[in-house]
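Structure first, then comments.
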Amino acid sequence: MTLASIPLAGVIGDPVAHSKSPVLHGHWLKTYGLAGHYVPLEVKADDLGDVLKAMPKMGFVGCNVTIPHKEHVMQFVDQVTDRATLIGAVNTLIFRPDGSILGDNTDGYGFIENLRQNAPDWDPKGGPAVVLGAGGAARAIVSSLLDAGAPEILLTNRTRARSENLRDDFGARVKVAEWVQAGNLIEEAHTLVNTTSLGMAGKPDLRVPLDGLKSGTLVTDLVYNPLRTDLLEAAAAKGCVTVDGLGMLLHQAVPGFERWFGHRPVVDLATRRAVLA
Ligand code: NAP
């Protein structure tokens with residue numbers, strides 16, 4: 001393989017220095033002995049179009065897109081997958097040989113794969129899913145839970161209008177409740193997901209009462225810093241099945257890596273260790 005044909009990929013964001021993706025993809029490239037590089041690219045919103053035009057000419061085969069560009073980037077993409085269209089955001093770009101750009105969103109896929117891997121007995125069809133939060137990440141979670149067969153999504157967010165927008169987009173299986181009702185909703189939960197940033201290092205605590213949480217409920221948190229959030233600790237103490245949010249980050253990267261570097265990576269303990277190191 002000549003130097004010029006070594007595939008390049010990366011992550012576009014602003015800021016981007018915090019991203020764990022370069023370590024993750026670097027770990028897989030090394031593990032599988034593949035030629036390729038994955039680099040962080042700090043790009044301002046005004047430069048996004050120019051950068052995306054130039055990247056394929058420089059040997060890039062695709063990239064991830066992170067905050068704040070996930071929605072804005074859609075205008076520069078030639079084709080958007082159905083799931084990304086539904087979510088209204090793109091996190092994975094594929095630069096095709098014909099010069100066109102395909103945009104996908106793998107967040108919902110990563111979310112479900114993480115649960116399937118770490119809670120293999122969990123059945124999304126088994127009862128209502130309670131989703132806390134209605135921000136950017138929540139759209140992918142709601143979409144993927146519906147797709148996986150959750151009979152009902154009970155959605156609550158501090159800003160009610162954002163939950164209502166999601167219900168309008170995703171339909172009547174999504175039911176909206178007031179944020180102050182979150183503790184009551186939890187009594188209904190077969191699955192409980194925190195998609196807010198509450199509980200993350202440096203952010204306020206998630207102060208939702210968990211008294212009604214039933215043992216056996218699947219509880220997961222998108223926050224992965226800390227890895228074991230107060231929500232997960234409290235849920236585990238009540239006999240719930242808990243899954244941390246790091247696995248979602250790892251699994252969402254799988255489809256992009258496979259497309260760019262030609263090998264489907266496995267998310268295993270070594271992958272987690274590499275990213276946590
Ligand atoms: P976002 O679009 O900014 O949404 C933030 C959410 O948190 C909104 O629902 C917001 O409610 C809520 N929130 C923030 N402060 C609050 C407060 N003081 N009280 C009540 N609610 C509050 O962010 P996002 O992109 O959806 O990300 C959310 C979290 O998920 C972040 O911690 C992010 O790191 C994590 N995440 C993890 C993964 C993963 O792979 N594990 C992937 C994506 C995101 P309002 O609408 O009322 O503001």
Side-chain angles (χ1 to χ4, degrees), residues 1-13 15-43 55-56 58-67 69-70 81 83-84 90-97 101-120 122 137 140-141 144 201 220-229 232 242-277:
M1 184 176 283
T2 64
L3 198 60
S5 65
I6 290 177
L8 305 178
V11 52
I12 292 180
V16 80
H18 67 282
S19 173
K20 294 192 183 294
S21 296
V23 172
L24 171 59
H25 288 269
H27 165 77
W28 281 334
L29 285 167
K30 199 169 156 212
T31 300
Y32 300 115
L34 299 170
H37 297 285
Y38 185 103
V39 289
L41 299 159
E42 187 167 308
V43 176
M55 284 176 75
M58 297 161 66
F60 280 86
V61 289
C63 63
N64 287 121
V65 182
T66 189
I67 288 169
H69 303 317
K70 284 184 175 189
T81 61
R83 61 186 179 186
V90 153
N91 74 343
T92 304
L93 298 181
I94 290 128
F95 303 148
R96 291 159 157 163
I101 301 179
L102 173 69
D104 193 10
N105 191 313
T106 62
D107 278 340
Y109 163 84
F111 171 73
I112 295 289
E113 285 303 303
N114 183 34
L115 297 184
R116 292 206 194 287
Q117 184 177 47
N118 293 296
W122 172 67
I141 303 311
S144 64
T220 186
D221 202 328
L222 263 55
V223 170
Y224 55 81
N225 177 23
L227 212 47
R228 296 296 301 173
T229 60
L232 295 183
T242 59
V243 179
D244 70 54
L246 182 65
M248 172 177 166
L249 180 83
L250 307 180
H251 281 282
Q252 64 76 32
V254 168
F257 187 93
E258 183 177 21
R259 286 295 291 262
W260 304 324
F261 301 117
H263 183 95
R264 190 166 184 85
V266 174
V267 174
D268 56 12
L269 206 55
T271 315
R272 276 176 76 88
R273 287 202 181 117
V275 171
L276 289 172

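All values derive from a computational prediction rather than experimental measurement.
- For Val243, the side-chain contact (heavy atoms from CB on, under 4.5 Å) partners at least two apart in sequence or on another chain are Asn114, Leu115, Asn118, Ala119, Leu218, Thr220.
- Applying the salt bridge (Lys or Arg N to Asp or Glu O under 4.0 Å) test to residues at least two apart or on different chains, the pairs with a partner in residues 268-277 are Asp244-Arg272.
- For the pair Leu249 and Gln252, the minimum side-chain heavy-atom distance is below 4.5 Å.
- For the side-chain contact (heavy atoms from CB on, under 4.5 Å) test, residues two or more places apart in sequence or in another chain that qualify with Ser144 are Phe111, Ile112.
- For Phe257 and His25, the ring centers are positioned less than 6.0 Å apart.
- Contact check for His27 versus Tyr32: no side-chain heavy atoms found under the 4.5 Å cut-off.
- No donor-acceptor pair under 3.5 Å is formed between the side chain of Glu113 and the backbone N or O of Gly110.
- Closest approach of Phe261 and Ala9 over heavy atoms only: CZ-CB, 3.8 Å.
- Take Arg264 and apply the side-chain contact (heavy atoms from CB on, under 4.5 Å) test, not counting sequence neighbours, and it matches Tyr109, Val254, Glu258.
- Applying the salt bridge (Lys or Arg N to Asp or Glu O under 4.0 Å) criterion to Arg83, with sequence neighbours excluded, gives Asp104.
- When the side-chain contact (heavy atoms from CB on, under 4.5 Å) test is applied to Leu41, the partners found at least two apart in sequence or on another chain are Ile12, Val39, Val43, Met55, Phe60.
- Here the side chains of Tyr38 and Trp28 are not in contact, with every heavy-atom distance at 4.5 Å or above.
- Nearest heavy-atom pair, Val11 versus Ser19, reported as atom, atom and distance to 0.1 Å: CG1-OG, 3.8 Å.
- Nearest heavy atoms, Ile6 versus Ala35: CG2-C, 4.0 Å.
- Using modelled atom types, one side-chain atom of Asn91 and one backbone atom of Thr106 make a donor-acceptor pair closer than 3.5 Å.
- No side-chain donor-acceptor contact under 3.5 Å links Asn64 and Ser21.
- Two residues are said to be in side-chain contact when any heavy atoms from C-beta on lie closer than 4.5 Å; Arg259 and Leu102 meet this criterion.
- Between Leu24 and Leu250 the shortest side-chain heavy-atom distance falls below 4.5 Å.
- Residues Val61 and Phe95 have side chains not in contact (no heavy-atom distance under 4.5 Å, counting atoms from C-beta outward).
- Nearest heavy-atom pair, Leu29 versus Gly36, reported as atom, atom and distance to 0.1 Å: CD1-O, 3.5 Å.
- Across every non-hydrogen atom of Val23 and Val275, the tightest pair is CG1-CA, 4.2 Å.
- Rounded to the nearest 0.5 angstrom, Cys63 SG and Ile101 CD1 are separated by 8.0 Å.
- Of all heavy-atom pairs between Ala140 and Asp107, the closest is CB-CB, 3.7 Å.
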_Derivation and outcome, side chain to side chain contact (heavy atoms under 4.5 Å, CB included), residues Asn225 and Leu246_ = CA-CA 9 Å; Asn225 177 23; Leu246 182 65; over 6 Å; no
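- Formation of a donor-acceptor pair under 3.5 Å by the Thr92 side chain with backbone atoms of Val65 is not found in this model.
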